[in-house]
2 protein chains.
Amino acid sequence: MGRPLQIDRQSVLEAGLLLADENGLAAVTMQSVADMLGVTPMALYRHVANKADLLDGLVELLLTDVPLPPATMEWRERLAWMARALRDTAQRHPAVFLLLLQRPATTAGALHVRDAVCAALREGGVAGPAVARTERVISTAILGFVASEAGGRFGSRSTREVNADFAAVEAMVEAYLDRLS
Amino acid sequence: MGRPLQIDRQSVLEAGLLLADENGLAAVTMQSVADMLGVTPMALYRHVANKADLLDGLVELLLTDVPLPPATMEWRERLAWMARALRDTAQRHPAVFLLLLQRPATTAGALHVRDAVCAALREGGVAGPAVARTERVISTAILGFVASEAGGRFGSRSTREVNADFAAVEAMVEAYLDRLS
DNA sequence: ACCTGAACACCGTTCAAGT
DNA sequence: ACCTGAACACCGTTCAAGT
């Protein structure tokens, strides 16, 4: 399959993400990524510092791609919309999503989602100083569920049941938000 | 350091856990575990099927060690006690704890904790058919927090602040339980 | 029964060399 | 500037051989 021999960081990350999605994180090696691009492993080092940097790049690529809801939407609906968007992303990229728990939530991609959650909470009347903590608490709950699903901790439970569990987690978050106001 | 040359599964797992605790999961190799036991890497294969089996064993060792509260304790206090116990375990073994999200919660070690949570919920008057789902929902929230902390997603936030976040997650769980009864 | 030696295919990474 | 070839130390795993 004739691919352009001119590669860049973006194409390296896209190849890595594809391999991770199809065959898991263990399938992402410097050699397999290079193969997919039609290049030798050593060529990658011009575009990523090392393998850890490549993996960081995959997480960032995934986070940047999480879509945000239209600003016209009511704030609580917007929160639910983002929870669903995060779950969709995790289902599409389960292997890379698990890496998310292992890096500080301070990259540009992480902030892009976090800021949108904080904005919705402020609009919902959550007191200024409580916004940051509330964001962390509800993000932790959603992330715990979504990461469990991506990692396979729910085992072979049916899709219908897992969806009902997700609804229950959202109900828990709602109960918490109700108590705040 | 003169160690007995007679090894068994238990000693292999204990060596692996020690290495993971001190230097992370990447430091757990067949060679490093063997070195610690004063043996060649090939000797391990008599006691673990392969490296994946070794890692499974580490998770199981960790889960089996999570202590349970005295049965005399009131049910809600018991739930809080177990959340703290899980957090303690994760702080002692952060690297191995992250693997927990990646395997089905159906092993003996996982059931040992799960059953205790379910028993507390039943005692608290949660309706029979709702017990299993409620257990999954609150476990997901606690696990999400504890895994985030173990993985380093909270970055360099101070211990005081992270403790306050943990209290807030527990408050969310309480709000959910209140709504159920 | 339990451990070892030798061997294999595969990792990540470097450095000097090519174009 | 960008990619390659050769090399290094290190993986997991096998198999036959030792005791």
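Just so we're on the same page: letters track the sequence lines, and every chain starts at 1.
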- Is there a side-chain contact between A/L121 and A/L180 (heavy atoms, below 4.5 Å)? no
- Item | Pairs where residues 94-117 of chain B contributes a residue and the test salt bridge (charged side-chain N to carboxylate O under 4.0 Å, His left out) is met, not counting sequence neighbours | B/D56-B/R103
- Exactly one of A/T89, A/V66, A/T64 clears side-chain contact (heavy atoms from CB on, under 4.5 Å) with A/V113, and that residue is A/V66
- Task: Using whole Å, report how far NE2 of A/H47 lies from P of D/dA1.
- Result: 13 Å
- Task: Would you please name every residue forming a side-chain contact (heavy atoms from CB on, under 4.5 Å) with A/R122, sequence neighbours left out?
- Result: A/C118, A/V131
- Task: Measure the CG-CE distance between B/N50 and B/M30 for me, rounded to the nearest 0.5 Å.
- Result: 7.0 Å
- Query: Which residues pass the side-chain contact (heavy atoms from CB on, under 4.5 Å) test with B/D165, sequence neighbours left out?
  - Reply: A/R133, A/R136, B/F145, B/R157
- Members of residues 93-101 of chain B that approach DNA chain D, where some heavy atom sits under 4.0 Å away: none
Hey, can you pull the donor-acceptor pairs under 3.5 Å for the side chains in residues 91-99 of chain A, sequence neighbours left out?
unit_1, atom_1, unit_2, atom_2, d
A/Q91, NE2, A/E149, OE2, 3.1
A/H93, ND1, A/D21, OD1, 3.1
A/H93, ND1, A/D21, OD2, 2.8

Compile the donor-acceptor pairs under 3.5 Å between side chains in residues 36-46 of chain A and protein atoms, sequence neighbours left out, one pair per line.
none

- Here the helical stems involving DNA chain C, each at least 3 consecutive Watson-Crick or G-U pairs closer than 3.5 Å, sorted by first residue number, are C:4-8 with D:12-16, C:12-16 with D:4-8
- Query: According to the salt bridge (charged side-chain N to carboxylate O under 4.0 Å, His left out) rule, which pairs have a member within residues 72-82 of chain B, sequence neighbours left out?
  - Reply: B/R76-B/E174, B/R76-B/D178, B/R78-B/E123
Would you list the protein and nucleotides 13-15 of chain C atom pairs, both N or O, that sit under 3.5 Å from each other?
unit_1, atom_1, unit_2, atom_2, d
C/dT13, OP2, A/Y45, OH, 3.1
C/dT13, OP2, A/K51, N, 2.9
C/dT13, O5', A/Y45, OH, 3.4

Please tabulate the protein-to-nucleotide N/O contacts below 3.5 Å involving nucleotides 17-19 of chain D, giving atom names and distances.
none

- Task: Would you kindly give the CG-to-P distance between A/L37 and D/dT4, to the nearest whole Å?
- Result: 11 Å
- Item | Interface residues of residues 10-22 of chain B with DNA chain C (non-hydrogen, below 4.0 angstrom) | none
- Under the side-chain contact (heavy atoms from CB on, under 4.5 Å) test, which residues partner A/S32, sequence neighbours left out? A/L19, A/T29
- Task: Let me know the distance between CG of A/L55 and C1' of C/dG12, rounded to the nearest Å.
- Result: 12 Å
- Closest to the B/A43 side chain, choosing from C/dC2, C/dT4, C/dC11: C/dT4
- Taking the side chain as every heavy atom from C-beta outward, state whether A/W75 and A/P69 have any pair of such atoms under 4.5 Å apart. no
- Task: Could you tell me whether the phosphate oxygens of D/dA1, OP1 or OP2, come under 4.0 Å of any side-chain nitrogen or oxygen in A/Q6?
- Result: no
